[in-house]
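Notes to accompany the following structure.
Chain identifiers are assigned alphabetically (A, B, ...) following the order of the sequence lines, protein sequences preceding nucleic acid strands; residue numbering begins at 1 within each chain. Because only heavy atoms are used, hydrogens play no part in the values below, and waters and symmetry mates are left out as well, while side chains stay in.
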2 protein chains.
Amino acid sequence: MATYQEPDGWEILGDPSRRAIVECLAVGPRAVGELADELPISRPAVSQHLRLLKDAGLVEDEAAGTRRVYRLNPAGVAALRDQLDMFWRRTLQGFQEIVGEEDEEKS
Amino acid sequence: MATYQEPDGWEILGDPSRRAIVECLAVGPRAVGELADELPISRPAVSQHLRLLKDAGLVEDEAAGTRRVYRLNPAGVAALRDQLDMFWRRTLQGFQEIVGEEDEEKS
DNA sequence: CGGCTCGGTAAGTCGTAGCTTACGGTTCGT
DNA sequence: ACGAACCGTAAGCTACGACTTACCGAGCCG
């Protein structure tokens with residue numbers, strides 16, 4: 001029942017387009033139009049995704065004349081990675097017990 | 001452009017309900033009804049999620065009388081974890097370069 | 001100053017994932 | 001053999017997220 005509720009960094013990377021954007025920015029900083037050229041979606045769509053990524057602290061933006069250059073935010077990326085790792089820890093933790101006692105029925 | 005397309009183990013865990021199910025099963029094997037009791041969704045909903053999880057190789061089912069007990073599949077979980085790790089590797093790899101050059105420019 | 005590029009925002013459409021209710025099939029107990 | 005418990009599947013609805021087009025502001029250049 002426990003009504004799961006978390007900040008959910010998962011839904012940020014749940015979208016393929018956003019993952020693609022992150023991977024692009026991992027290669028190097030890009031402007032919005034440049035990202036749109038490398039992706040199969042329109043420029044406004046990229047803009048919307050960037051907004052979410054920025055709110056999540058994953059990317060930073062910097063005005064460069066009429067353009068706006070986006071880059072990954074190290075701290076944000078690390079934080080999100082840790083958050084996802086927490087899930088795996090919780091999962092794999094109780095998981096080892098199962099594997100170990102698989103033959104044995106009760107403890 | 002590059003029309004990203006992958007088997008996407010991400011969408012499997014993208015749903016909160018499925019993550020909750022996985023965490024429950026990490027604690028120990030459960031029947032479908034038991035899972036439904038611990039989650040804020042109906043039993044059929046759980047059943048549908050279990051179907052996806054099973055297709056993804058994350059869980060295994062075993063008939064026990066009129067009940068059906070589900071448990072995590074070690075190999076499947078490990079495989080998916082590796083798959084997600086690949087994303088982080090690709091991201092953090094080109095990422096270090098950026099971080100490295102960033103210090104030189106600014107401080 | 002005009003015209004141009006670049007980018008954010010609004011409004012609206014569309015697809016689809018997730019949920020529920022309803023039904024049918026198995027299996028166990030009595 | 002009848003009823004109950006347990007589960008999967010079908011059908012349908014609803015909500016939300018992703019995308020597009022259209023519009024407007026902001027900065028550069030002639």
Restricting both atoms to N or O, compile the protein contacts to nucleotides 25-30 of chain D shorter than 3.5 Å, with distance only.
none

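Among the nucleotides D:dT21, D:dA10, D:dA18, the one closest to the side chain of A:Leu52 is D:dA18. Taking every side-chain heavy atom of B:Pro44 into account, C:dT21 is the closest of C:dT21, D:dC7, D:dA11. Looking at the side chain of A:Ser42, the nearest of the listed nucleotides D:dC7, C:dC19, D:dT20 is D:dT20. Between C:dG7, D:dA22, D:dG8, one nucleotide has an atom nearer to the side chain of A:Arg68 than all others, and that is C:dG7. Comparing D:dC7, D:dC19, C:dG8 by their nearest atom to the side chain of A:Tyr70 picks out C:dG8. Closest to the side chain of A:Arg67, from the set C:dC6, D:dA18, D:dC19, is C:dC6. Each of D:dC19, C:dG7, D:dA11 was ranked by its minimum atom distance to the side chain of A:Val32; first place goes to C:dG7.
Looking at every heavy atom in both residues, A:Cys24 comes nearest to A:Glu38 through SG-OE1, 3.6 Å. The two residues A:Arg19 and A:Leu13 have their closest heavy-atom pair at NH1-O, 2.6 Å.
At distances below 3.5 Å, at least one donor-acceptor pair connects side-chain atoms of A:Asn73 with backbone N or O atoms of A:Gly57. At distances below 3.5 Å, not a single donor-acceptor pair connects side-chain atoms of B:Arg30 with backbone N or O atoms of B:Leu35.
For the pair B:Ser17 and C:dC19, the criterion of a side-chain N or O lying under 4.0 Å from OP1 or OP2 is met. Look at B:His49 and you won't find any side-chain N or O under 4.0 angstrom from OP1 or OP2 of C:dA17.
Distance CG (A:Leu39) to P (D:dC19): 9 Å, rounded to an integer number of Å. Separating the CD1 atom of B:Ile41 from the P atom of D:dA15 is a distance of 18 Å, rounded to the nearest angstrom. Whole-Å rounding puts the A:Leu50 CG to C:dC6 P distance at 16 Å. A straight line from CG of A:Asp15 to C1' of C:dA17 spans 13 Å, rounded to a whole angstrom. Note: CG (A:Asp55) to C1' (D:dG17) measures 16 Å, nearest angstrom. For the pair A:Glu62 CD and C:dG7 P, the computed distance is 13 Å after rounding to whole Å. The distance between atom CG of B:Leu13 and atom P of C:dG18, rounded to the nearest whole Å, is 12 Å. Rounding to whole angstrom units, CD of residue A:Glu34 and P of C:dC6 are separated by 9 Å.
Using a 4.0 Å heavy-atom criterion, one finds that B:Glu11 contacts no nucleic acid atom at all. Residue B:Arg43 is in base contact, counting any heavy-atom pair closer than 4.0 Å across all strands shown. Residue contacts for A:Ala63: at a heavy-atom cut-off of 4.0 Å it reaches no nucleic acid atom on any strand shown.
By the side chain to side chain contact (heavy atoms under 4.5 Å, CB included) test, A:Thr66 is found to be paired with no residue, residues two or more places apart in sequence or in another chain being considered. Residues that satisfy the side chain to side chain contact (heavy atoms under 4.5 Å, CB included) test with B:Arg43, not counting sequence neighbours, are B:Val32, B:Ala36.
The side-chain hydrogen bond (donor to acceptor under 3.5 Å, both in side chains) test with B:Glu62 singles out one residue from B:Arg67, B:Arg71, B:Arg68, and that residue is B:Arg71.
Under the 4.0 Å criterion applied to side-chain N and carboxylate O atoms, A:Arg90 and A:Asp85 are not assigned as salt-bridge partners.
Nearer the 5' end of DNA chain D, as judged by each residue's closest nucleotide, is the contact made by B:Gln48, out of B:Gln48 and A:Gly14.
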